[in-house]
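Since the structure comes first, as structure tokens, the remarks are kept for the end.
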2 protein chains.
Amino acid sequence: MDIRSFVSQSFGQWRSQRSAHHLTFQHFEAVESVIDIAPMPLDNPALLQLCADYQVNPLDTVMPFQMAWEGTSDWDEKAEILKGETILVPVPDSPNSSSGRLLRSQGYAETMPAVGLYSFAEDGTFVLTTQYDHAAAEEKIWFHNPNLRFRLSLVKTSQGSGVVSASFSSELRVLERS
Amino acid sequence: MDIRSFVSQSFGQWRSQRSAHHLTFQHFEAVESVIDIAPMPLDNPALLQLCADYQVNPLDTVMPFQMAWEGTSDWDEKAEILKGETILVPVPDSPNSSSGRLLRSQGYAETMPAVGLYSFAEDGTFVLTTQYDHAAAEEKIWFHNPNLRFRLSLVKTSQGSGVVSASFSSELRVLERS
């Protein structure tokens with residue numbers, strides 16, 4: 001698996017079930033959402049701005065894409081609507097490297113831009129680690145088949161040994177009806 | 001990681017949060033339980049019977065153990081009490097093999113005995129696959145640290161390409177207060 005195949009396989013619409021385990025106070029959170037992942041043209045102004053912010057040449061990026069999500073969470077006993085979008089820009093360490101940086105115009109839960117490091121495990125799992133000021137995130141995404149992917153995310157203390165929350169998502173491709 | 005270290009690390013009491021995603025009808029299930037894992041003496045009658053059922057010499061087994069659980073599920077809008085126990089018996093393919101069979105006096109959701117095949121992935125993850133008459137199960141268990149382990153289970157159609165349900169557990173060791 002490389003970043004091109006991984007991003008290509010991710011394009012489309014996904015129906016996601018996500019469960020978060022907040023370990024410190026044993027809380028469950030359930031999130032249902034629809035996620036849209038689409039290629040982003042290299043001349044998009046927001047993409048160019050993100051590259052400029054990180055001093056990255058847009059020609060050194062590979063398959064930048066956008067991700068939009070809309071869903072509901074059962075956090076706090078009331079269904080809360082979640083909605084957002086982000087631009088994601090893979091920047092390989094070298095032209096044919098299978099690892100690199102992933103620039104994001106904003107994180108999933110953060111309102112700040114973030115940069116993570118991605119790589120692929122032996123079994124093809126995409127692994128993303130992001131260091132924040134007071135926490136670290138580790139995300140793994142893998143395809144069970146072309147229409148089903150799983151995503152596992154850990155939010156860790158910045159030292160990395162403690163885990164604050166673990167969440168697991170099952171994402172089924174929304175197939176076009178012909 | 002080998003089966004001896006894996007089973008040793010598993011001994012103790014665990015507080016588990018499990019979320020199941022029933023993919024076909026997009027249902028979430030949340031289960032909270034306490035799990036006790038303890039060594040089982042080789043002369044236990046139920047263990048000897050299980051070995052006899054599978055024509056296994058008890059001396060060819062490695063660290064047989066028992067697992068007991070008690071918890072609640074929010075399945076069907078009412079909290080349902082789950083309680084059970086099972087004997088698990090690793091039988092390595094050869095004395096120093098890192099893979100083998102795992103005999104179980106009963107499965108998690110099944111009332112029948114079952115035999116699965118275990119192995120370890122490169123990163124030390126324990127992988128168990130079990131073939132049933134009309135389904136197949138794949139379970140992965142790994143330690144984030146000695147006091148936190150994660151468990152991922154898929155219930156698949158017997159051909160293995162379709163996934164009926166995916167569940168994820170976070171298990172925190174219950175530490176003795178001194």
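Basis for what follows: all heavy atoms, side chains included, without hydrogens, waters or symmetry-related copies. In the text below, chain A, chain B and the rest are named by the order of the sequence lines, each starting its count at 1.
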For A:Phe150, give me all partners under ring-ring contact (aromatic ring centres under 6.0 Å, His included), at least two apart in sequence or on another chain. A:Trp142, A:Phe168

Ignoring hydrogens and geometry, is there a side-chain-to-backbone donor-acceptor pair from B:Gln17 to A:His27 under 3.5 Å? yes

Say whether A:Leu102 and A:Phe143 are linked into one hydrophobic cluster, either directly or through other cluster members, by side-chain heavy-atom distances under 4.5 angstrom. yes

dist B:Leu172:CG -> A:His21:NE2 (nearest 0.5 Å) comes out at 11.0 Å

Can you pull out the residues in residues 28-38 of chain A with any heavy atom less than 4.5 Å from chain B? A:Phe28, A:Ala30, A:Val31, A:Glu32

Hydrophobic clustering (ILVMFWY, side-chain heavy atoms < 4.5 Å, transitive) - are A:Phe6 and A:Ile87 grouped together? no

Count I, L, V, M, F, W, Y as connected when their side-chain heavy atoms are under 4.5 Å apart, and connections chain through other members. Are A:Phe11 and A:Leu88 then in the same cluster? yes

Return yes when atom CD of B:Gln26 has more than 12 non-hydrogen atoms of other residues, nucleotides or ligands closer than 6.0 Å, and no otherwise. yes

For B:Leu148, which atoms come within 4.5 Å of any heavy atom of chain A: side chain, backbone, both, or neither? side chain

B:Met40 and B:Leu103: same hydrophobic cluster, using ILVMFWY side-chain contacts below 4.5 Å? yes

With a 4.5 Å cut-off on side-chain heavy-atom distances among I, L, V, M, F, W and Y, is there a chain of contacts connecting A:Val62 to A:Val127? no

Count the heavy atoms of every other residue, nucleotide or ligand shown that sit under 6.0 Å from CG of B:Asn57, and state whether that count exceeds 12. yes

Inter-residue atom distance A:His144.NE2 - B:Leu23.CG, 0.5 Å rounding: 9.5 Å

